[in-house]
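Worksheet for the structure shown next.
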Amino acid sequence: MAAALPHARTLGIGHDDLVRSRLRRAELNISKTTLVAITGAIAVGALLIWRATSPSGPTTDHIVDVTVPELSAQAAYGEDLFKENCAACHGENAGGTEQGPPLIHRIYEPNHHGDQAFLIAATQGARAHHWQFGNMPPVAGITTRQIQDIVAYVREVQKANGVF
């Protein structure tokens with residue numbers, strides 16, 4: 001503190017003024033920290049309230065009836081790949097299960113989840129953001145070409161079911 005006083009004197013600031021200035025800056029920092037803590041607590045509280053008021057237990061609201069149209073050659077190959085790699089969670093015809101959401105849903109239309117989103121989800125996994133199934137793990141051993149075929153299948157089935 002003594003080293004700061006000669007500098008303060010050259011600026012014409014007294015010891016008390018310097019101490020008050022430092023206290024005001026400390027109060028602002030405490031206020032910002034407190035504000036961040038309060039905001040975080042409110043966000044966590046809102047999340048807990050939302051979770052508590054959401055329907056609990058298994059429901060079948062997310063499972064949709066799917067009509068599979070006559071498929072192109074690429075989509076037919078994609079259908080086989082889908083059944084091998086995706087159907088356990090997303091349902092035999094992408095209509096959803098208790099383990100995963102339906103892909104034949106407006107959430108997955110091309111304008112909201114483009115084809116690249118399917119590639120990223122299959123190769124890198126996906127964070128849960130529309131449904132409460134948890135995060136999607138990457139699909140082991142699947143190639144980009146196979147994902148393209150699966151997407152062709154999903155898009156043809158989406159179109160046949162009025163998703164887009």
Side-chain angles (χ1 to χ4, degrees), residues 25-164:
R25 277 185 275 160
E27 288 171 358
L28 288 176
N29 288 338
I30 290 170
S31 296
K32 288 178 185 177
T33 303
T34 302
L35 181 60
V36 168
I38 290 170
T39 303
I42 290 170
V44 169
L47 176 67
L48 292 174
I49 290 169
W50 175 74
R51 289 265 188 186
T53 59
S54 295
S56 60
T59 66
T60 58
D61 296 350
H62 62 278
I63 298 175
V64 296
D65 291 324
V66 176
T67 301
V68 179
E70 186 172 329
L71 300 169
S72 67
Q74 181 185 15
Y77 182 61
E79 179 182 30
D80 292 338
L81 291 168
F82 183 89
K83 288 178 180 176
E84 292 172 24
N85 295 283
C86 314
C89 293
H90 294 287
E92 184 177 340
N93 296 318
T97 69
E98 293 302 321
Q99 287 76 43
L103 300 179
I104 312 306
H105 191 281
R106 64 181 174 83
I107 287 176
Y108 298 101
E109 71 179 343
N111 290 334
H112 188 71
H113 281 87
D115 296 355
Q116 190 69 22
F118 285 91
L119 176 71
I120 292 168
T123 58
Q124 299 176 18
R127 181 182 52 81
H129 57 286
H130 289 296
W131 308 91
Q132 295 182 3
F133 294 102
N135 297 334
M136 176 182 158
V139 180
I142 197 160
T143 68
T144 300
R145 178 59 201 196
Q146 290 172 323
I147 297 167
Q148 290 170 341
D149 293 336
I150 290 169
V151 170
Y153 163 69
V154 170
R155 295 300 188 209
E156 286 187 23
V157 175
Q158 286 178 333
K159 191 169 186 177
N161 287 272
V163 173
F164 67 96

Exercise. Which residue pairs satisfy the salt bridge (Lys or Arg N to Asp or Glu O under 4.0 Å) criterion with at least one member in residues 130-157, sequence neighbours excluded?
Worked result: Asp115-Arg155, Arg145-Asp149

For this session: Quick one: which residue pairs count as a salt bridge (Lys or Arg N to Asp or Glu O under 4.0 Å) with a foot in residues 126-136, not counting sequence neighbours?
Result: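 Output for this query is empty, none listed.
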
Side-chain heavy-atom pair [X], [Y] within 4.5 angstrom cut-off:
X	Y	answer
Val157	Pro69	yes
Phe164	Asn111	no
Trp131	Pro102	yes
Val154	Phe82	yes
Tyr153	Ser72	no

side-chain contact (heavy atoms from CB on, under 4.5 Å) against [X], all qualifying residues, sequence neighbours excluded:
X	answer
Ala121	Ala126, Met136
Glu70	none
Val163	Ile104, Glu109, Gln158
Pro138	none

Exercise. For Thr67, which residues count as a side-chain hydrogen bond (donor to acceptor under 3.5 Å, both in side chains) partner, sequence neighbours excluded?
Worked result: none

Exercise. Under the side-chain hydrogen bond (donor to acceptor under 3.5 Å, both in side chains) test, which residues partner Tyr77, sequence neighbours left out?
Worked result: none

As an exercise, state the distance from [atom1] of [X] to [atom2] of [Y], rounded to the nearest 0.5 Å.
X	Y	atom1	atom2	answer
Leu119	Gln148	CG	CD	7.5 Å
Cys86	Ile142	SG	CD1	5.5 Å
Phe118	Ile147	CZ	CD1	11.0 Å

Exercise. side-chain hydrogen bond (donor to acceptor under 3.5 Å, both in side chains): which pairs involve residues 78-90, sequence neighbours left out?
Worked result: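 Pairs touching residues 78-90 that pass the test: none.
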
Problem set entry | ring-ring contact (aromatic ring centres under 6.0 Å, His included) involving His130 - partner list, sequence neighbours excluded | His112, His113

For this session: Look at atom CG of Asp65 and say whether more than 12 heavy atoms of other residues, nucleotides or ligands are closer to it than 6.0 Å.
Result: no

For this session: Report yes or no: does Asn161 contribute a side-chain atom to a donor-acceptor pair with the main-chain N or O of Val66 at less than 3.5 Å?
Result: no

